[in-house]
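Here's a structure for you.
Lettering of chains follows the sequences in order, A, B, ..., and the numbering in each one begins at 1.
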Number of protein chains: 2
Amino acid sequence: MVIEEVYKYLSGKKNRLSYAIPKKWVAPWFSGRKKEYENMIIVDPYEYYSTILEKILKGAREYVDYSESYAKIHGIENPNWIRTAHVYAMFIRTTLSYNHKGFGRFEEVDIFGYRESGTFLKAIGFLPYLKMLGVDAIYLLPVSKYSDLFKKGEIGSPYAVKDPLKIDDRYHDPILEDFSVEEEFKAFVEAAHIMGFRVLLDFIPRTTARDSDLILEHPDWFYWIDIEELSDFTPPRVPGLGFKVPSEEDLEYIYSLEDVRKHLKKFRKNPKEMNPQKWENFVKNVNKSNFLSELVKEFGVITAPGFSDWINDPQPTWDDVTFLRLFLDHPKASKKFVDEDLPPYVLFDVIKASLFPGERENESLWRYISSIIPYYQKEFGIDGVRLDMGHALPGKLEKMIMNKAREIDPAFVFIAEELDISRAKHSKEAGYDTIIGNSWWMMPRIPGKAYEFYQVIAPEMELPYLASSETPDTPRIKAREYGDKLKKLIPFLMAFAPNGVLFTNSGQEIGEVQPLNLGLDNTDEGKTVLPPSDEFYAKLGFFDHYAFHWNEIDEEVFSFLRTLSMVRGMYIDLITEGEYRPVWLDWQDGKTANASYWGNGRAVIIVANLDTHPRSVKIHLQNTKGGEIKIERMRVWREKGWEKMENSNEWVKIFMEDFGFALVEILFKEV
Amino acid sequence: MVIEEVYKYLSGKKNRLSYAIPKKWVAPWFSGRKKEYENMIIVDPYEYYSTILEKILKGAREYVDYSESYAKIHGIENPNWIRTAHVYAMFIRTTLSYNHKGFGRFEEVDIFGYRESGTFLKAIGFLPYLKMLGVDAIYLLPVSKYSDLFKKGEIGSPYAVKDPLKIDDRYHDPILEDFSVEEEFKAFVEAAHIMGFRVLLDFIPRTTARDSDLILEHPDWFYWIDIEELSDFTPPRVPGLGFKVPSEEDLEYIYSLEDVRKHLKKFRKNPKEMNPQKWENFVKNVNKSNFLSELVKEFGVITAPGFSDWINDPQPTWDDVTFLRLFLDHPKASKKFVDEDLPPYVLFDVIKASLFPGERENESLWRYISSIIPYYQKEFGIDGVRLDMGHALPGKLEKMIMNKAREIDPAFVFIAEELDISRAKHSKEAGYDTIIGNSWWMMPRIPGKAYEFYQVIAPEMELPYLASSETPDTPRIKAREYGDKLKKLIPFLMAFAPNGVLFTNSGQEIGEVQPLNLGLDNTDEGKTVLPPSDEFYAKLGFFDHYAFHWNEIDEEVFSFLRTLSMVRGMYIDLITEGEYRPVWLDWQDGKTANASYWGNGRAVIIVANLDTHPRSVKIHLQNTKGGEIKIERMRVWREKGWEKMENSNEWVKIFMEDFGFALVEILFKEV
């Protein structure tokens, strides 16, 4: 395995104590040389990482290839494992950013040659921390080679993928000198599998970077516009239709508009079609690592900027991405409105290919797209993916992607980028195992939406959803109103949510307040939550270098979430396989969220106070169970720990502080 | 001249209309091809710049070498010209940053190969704009090669100079392909001189970047610390002395402190002295463009971070700069407290070399430092400089710098980085022509400090000061309280201030609110004055890419400052050579700022209302003049323009809006 080679390499080298890391990253069993300074530990990086790798390797069984998927290693054959998982969503570049020189400001690579932005080596070193946190599935935001062209901040977004089959070299750790970033990723997945983690990746089949490396080989997979149309390119406006996804009846009107006709005229044939001979020479001679600028100069065209498939979306163009050309002809439903010879163009219908397919599939492209995940399965043994904008893909392509992956690993998990909970059933039918859902939106809206979600929506979900307090796209739970309470209350509820897959957003566990992105439920003000003196004030991890505040973490949150994860672990069988029952209370004003799960002589009851005042509730046990039982033992868990309770066969009284909560464990016999 | 070659090069080339520039930059006489889009003009850059250069070259006289200083060209022999100057302070990187592709966000170099950050070519194109604004002296913030090491933002600060004898290559414009940045700077100065501008530069003799290019040749010119002391290196604390520059009596106490003894132990011999043979090999083999990282690895030492010469200064260390070693021994006054063999160290006394010189001058370094300005004089014909931290230099070195420059050009101007107006006399004696002063601090403090400055301090100044409403280090005048009024009132007062050198801070004239730096009179909140949706929210030009809001400028400010500059021009002889007299008013409550200047039959009177309410004032003409006169003609100028006035030999009544102002022009005869 690669991880063994990495270990060998590291254990043969020595350095000064010159590599600062946060105290929190250091496993308690690390006994190498170190120097403490405030909340940093200064170590020799070779000694530090080799000690961790040694420890990890000790946990590996002989003759097992940990670069296979977790399911293969353990003979698991279906994707139900996601139901019990505790998913940790991590953008390695950000989560593992740290000022390793220990003074001054963050730098991408520092004077000692240490990479201060995240790397896979650091991610391996981070596994003991994740273990301690009770995580068992690591969902990585895209790790593929990304572009810096038309970037939205200091550095490129991971969603502007330049080559989906390459891993971005900026995740390479200079400490590992001659290892390739692919080897390092492999070592990371191996280490994760050894330690009992699954690894999921984020994939983006619908778009690429504007300067995608695929262009040189397949200019016909892209949409092109005249370069002189670039500076004022915007989606055409469609007066009168409001803000919506177009339906078939809208097409005639849309295509009749002057603004749309103008828009369509901006598109051009691809440069190869324009002049095949010139293109051949161009491809032969151009500098492959920076070709788009030359292409623009030579051919006067550029890939079209992306934009939303919603009509009249106020979002600006997505300058850093372009759509892939999924069909070789115009959308079937739109053909009657446009000239067949019009160069391939991007419009709302074209984008929403799931609703408006063409007739001639771009087969070579579909084969390519559906081969990406299998590459990561075979090469690295990943265990699942989230599909970005999967819902905009033609159903057939979506299916193709899934089938190919599941042929290799039937336990492979697909998470749908589907926020709309009413479409859970649709996602299930499409073959997904989980949707993202909107708990991150409903739950912080205390008490009304939170109650509705917990009591009405969640129990009825036809597909599991990510039970999240926040996501990489949303505000941080701690930065919400009442954040200092919600930072514990919502994770508590999510840990025991009906049909939920527990989801922790990296940084949440240490009380980070700065979001990584303003994509969902946020405004521009949302990036100003840190004090202006903070080095990372107004920076967003998706677009800028950003390091979490590892030197001043919220220990209260950390230790709570750690304990919570353990407590949840004790009942995970009940939550996923027990009988869900709403809790029968003496009164209910829509401010006591609750759930109960009943198994064989064992039950767990959850109650939480969604109000700004303390409250007492009385739980009727018999009615909650919905059948006659005799209580044998009861105890209650709150933030402060376990307490014994007196047995009672009827009513249990629970006191809760404002935004407080409690869990009641019950051993019983059916009568 | 180089400018002719640049012109020839540009006029031979053609491109698409693909280079967006702000409408405001385009001279009204530009008649080339163009396309308008909102507040941008899209041009062919070759055509655009060659048209401007052609026009400029038409203004050049034959046989004149415009790469000589303005004074030499025009036979001027003393530096008094600064008295009448209108200085425009410009950080080229920022002032001339613009998104030339016209869409998306700013990029350092864009897809068309256009450099979006400032260049000398753009600075040439900017000269007609500056002419229109009535500027006649351009003070450029440092243009020397700067470092990116330990930077405070996205990009390096211009004050972290890597090589004072090189111009930073990031000012090269790719449009000029094979021209060197030195040639481009030369072309800029030539163009400026042809158009009647002087050019002043900013010089930093006391510090260099931590990875100065000088290190390889002169490691003995630097202070070195052990690399293991780097992560927690801070200036030692000196309990009980408060916040002050140390005096000689403090030294014994300072050196007795445990914290200071520990501090001194962090220093090391320079790497050459440590091991001359190893050093020789190192210098021979290392990659010159990135040597410090290797040096650290090989020798275990690094140049010491800079810090303030004030004891107990709350500022953190200046991580991006290091001090030059001006003396080969310890400060004379401190010798009795330290071991002679202690490696060269940095402490408050060492920094403040003007007060605490050593006995053995570092002659080779002094020769080097004093040769820098002459290089820029001979090579480019610059007309003056601002000396950064000149006051911390030993007097002899300061003198040496000035003498060498004035041998070459007796009209060469030195501006002292001296904010303390009480030290004007000292600066004068040291040979400076102007100090920076503190009008930017006093004047916005309306009415009290403003009145004090205008009526009491300014008239008594023994050396001219920069009459500024704001500077590159301070908050913007428009961002101050009452900024929408002060943005006109303070420039008005400054334009006619006694002993003032009118100073416009680039961006001020278009109503920019974001400061370039938080160095003076600001807090961290001061960087949050733009709306969070702004692309450059919280960015500071000194440390980040920043472009002014050229597409949405404050036209009211612009046209006012332009007119003001013209009006001032009509009276500049009176202001600088006429008799200054405070204005005799019917009543004075400290809220009517005023000044008058009397010449031969001509006078100008300035009054300004420092109050939040309108007011009328009556001016007693005879008493103001201080001698009997007969008025021949009077007119008044206000923001709205000129008005006639009825003659009166006694009282003139002037009405002013809140924060309003007026200028009265008088033609008279002495009786």
Measuring heavy-atom distances to chain B, does A/Asp319 have an atom under 4.5 Å in its side chain, in its backbone, in both, or in neither?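 Side chain of A/Asp319 only, per the 4.5 Å heavy-atom cut-off to chain B.
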
Positive for side-chain contact (heavy atoms from CB on, under 4.5 Å) with B/Ser231, one of A/Ile42, A/Asn99, A/Leu17: A/Ile42

Below 4.5 Å, heavy-atom pairs only: which of A/Ile155, A/Asp232, A/Ile227 has the largest tally toward chain B?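 Of the candidates given, the most pairs with chain B belong to A/Asp232.
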
Looking only at A/Thr528, A/Leu292, A/Leu230, A/Val296, most heavy-atom pairs under 4.5 Å shared with chain B are made by A/Leu230

Roughly how far, to the nearest 0.5 Å, is the OH atom of A/Tyr537 from the CD atom of B/Glu525?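 Between atom CD of B/Glu525 and atom OH of A/Tyr537 there are 7.0 Å.
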
Just give me the residue among B/Asn15, B/Ile111, B/Asp544, B/Asp110 that pairs up with chain A most often, heavy atom to heavy atom, under 4.5 Å. B/Ile111

Name the region of A/Glu107, side chain, backbone, both or neither, that has any atom closer than 4.5 Å to a heavy atom of chain B. side chain

When you look at NZ of B/Lys278, are more than 12 heavy atoms from neighbouring residues, nucleotides or ligands closer to it than 6.0 Å?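 It does: B/Lys278 NZ has more than 12 such atoms within range.
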
Contacting region of A/Phe150 [heavy-atom separation from chain B under 4.5 Å]: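 Contact with chain B is through both the backbone and side chain of A/Phe150.
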
Among A/Gly300, A/Gly102, A/Pro532, residue most engaged with chain B (heavy-atom pairs, under 4.5 Å):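 Most heavy-atom pairs within the cutoff with chain B belong to A/Pro532.
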
Counting only non-hydrogen atoms closer than 4.5 Å, does A/Lys35 touch chain B with its backbone (N, CA, C, O), its side chain (CB onward), both, or neither? side chain

Under a 4.5 Å heavy-atom cut-off, does chain A meet the side chain of B/Lys101, its backbone, both or neither?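 Both parts, heavy atoms under 4.5 Å.
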
Is the number of heavy atoms from other residues, nucleotides or ligands under 6.0 Å of A/Lys262 NZ greater than 12?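 At most 12 heavy atoms, drawn from other residues, nucleotides or ligands, come within 6.0 Å of this atom.
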
Atom of A/Ser293, atom of B/Gly113 and distance for their closest heavy-atom approach: OG-N, 4.3 Å

Given that the side chain runs from C-beta out, which part of A/Asp148 has a heavy atom under 4.5 Å from chain B: side chain, backbone, both or neither? backbone

CZ-CG distance between B/Arg16 and A/Asp226, expressed to the nearest 0.5 angstrom: 7.5 Å

Under the side-chain contact (heavy atoms from CB on, under 4.5 Å) rule, what do B/Arg105 and A/Lys151 come out as? Steps first, then yes or no, please. CA-CA 7 Å; B/Arg105 297 170 64 100; A/Lys151 57 189 191 289; over 6 Å; no

May I ask you to name which of B/Glu154, B/Glu294, B/Lys539 has the most heavy-atom pairs under 4.5 Å with chain A?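 Option with the greatest count: B/Glu154.
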
Please classify the contact between A/Ser533 and chain B as side chain, backbone, both or neither, with a heavy-atom cut-off of under 4.5 Å.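 Both the backbone and the side chain of A/Ser533 come within 4.5 Å of chain B.
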
Output the option from A/Phe233, A/Phe106, A/Phe112 having the highest count of non-hydrogen pairs under 4.5 Å with chain B.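 Most heavy-atom pairs within the cutoff with chain B belong to A/Phe112.
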
